[in-house]
Amino acid sequence: GDEHFFHKIDPPRNCTSTDRIFSIFYHTLGGGELRPDEKTYKIKIYKRGKTNIRYDWDKGGKAMMLQDGNVRLRPVVLPDDIRLAVPWYRDPEVLYYSEGGASPYDADQVEKMYRHLLAKGEVFIIEIRQADRWLAIGDAALCTDCLPIVIGDGKYRSQGIGKKVLGLLIRYAQSQGRNKLRVNGVYTYNERSRRLYESFGFVATETYADADGNELIRYELALRNGTP
């Protein structure tokens, strides 16, 4: 794919922190004047059939945005995104399949969860394109020992979004030079998630039980070095 290096253009002051992340590409393509003291960012755009798969990094190698067609991942913004996530972690289906039937989360618990994951890796908000705007529908994380994906809005489950998200995370991990991905635990009754991970080649390495006796499966995937 083509590589483009460009300079960051400061967005308007009234942009939110989330808007600021995504204004960089727009202002650069818009022909904004470049200043030599600006930071340099990197974009890779890959073609898969008629779909562009886009990866944006900052100079330190952290993802700014990962995108496959109408699905994109952006870094979580705290505390702004907590209000988006609380309804997802109060959904009975999410709590059953992802958290083993835990009690509904409040804002403090969601923030604690995100900060725990951020201490180990990167956390993303899953967004889909709806008409002329992007809609947040779930979250995902890329950590050394886990790879959780939650489609929090039930209207968008079983539509192939999780497959796009996992594909983006795998390619991003490859670009970082990782040689292995681990999924800490998928409940054995969560057949939808098991099929998703196994379809990408994840191999079950261990079965164990949580405190309530529910069985979970740990998975691993060996990665080829290099970019996607």
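Through side-chain heavy atoms spaced under 4.5 Å, either directly or across other Ile, Leu, Val, Met, Phe, Trp or Tyr residues, L117 is tied to V76, L78, I82, L84, V86, W88, Y89, V94, L95, Y105, V110, M113, Y114, L118, V123, I125, V150.
For the side-chain contact (heavy atoms from CB on, under 4.5 Å) with C146, the lone residue among R218, R182, K120 that qualifies is K120.
In this structure, the side chains of L169 and L73 come closer than 4.5 Å at one or more pairs of heavy atoms. Side chains of L142 and L181 form a contact here, defined as non-hydrogen atoms less than 4.5 Å apart. No side-chain heavy atom of Y208 sits less than 4.5 Å from a side-chain heavy atom of I217. Contact of the E206 side chain with the Y219 side chain is not registered, since no non-hydrogen atoms from C-beta on lie closer than 4.5 Å. Within the 4.5 Å cutoff, the side chain of E220 has no heavy atoms near those of the V203 side chain. With contacts defined as side-chain heavy-atom distances shorter than 4.5 Å, the pair Y172/E122 qualifies. With contacts defined as side-chain heavy-atom distances shorter than 4.5 Å, the pair K164/R72 does not qualify. Considering only heavy atoms from C-beta on, V183 stays 4.5 Å or farther from D145 through its side chain.
A perpendicular orientation is assigned to the rings of F202 and Y197, their planes being inclined by more than 60° (bins at 30° and 60°).
The residues D68 and K163 are annotated as not salt-bridged, no charged nitrogen and carboxylate oxygen being separated by less than 4.0 angstrom. Ion pairing between R133 and E127 fails under the 4.0 Å rule for side-chain N and carboxylate O.
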Kindly list each side-chain donor-acceptor pair under 3.5 angstrom involving residues 209-216, sequence neighbours excluded, with atom names and distances?
unit_1 : atom_1 : unit_2 : atom_2 : d
D210   : OD1    : D212   : N      : 2.9
D210   : OD1    : G213   : N      : 3.0
D210   : OD1    : N214   : N      : 2.8
D210   : OD2    : Y187   : OH     : 3.0
D210   : OD2    : N214   : ND2    : 3.3

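To the nearest 0.5 Å, atoms CZ (R74) and CG (D139) are separated by 10.5 Å.
When all heavy atoms of A140 and V165 are compared, the pair lying nearest together is CB-CG1, 4.0 Å. The minimum heavy-atom distance linking A173 with L223 is given by the pair CB-CD1, 3.9 Å.
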Task: Working for side chain to side chain contact (heavy atoms under 4.5 Å, CB included), residues Y97 and V186 - done: CA-CA 8 Å; Y97 286 105; V186 177; over 6 Å; no
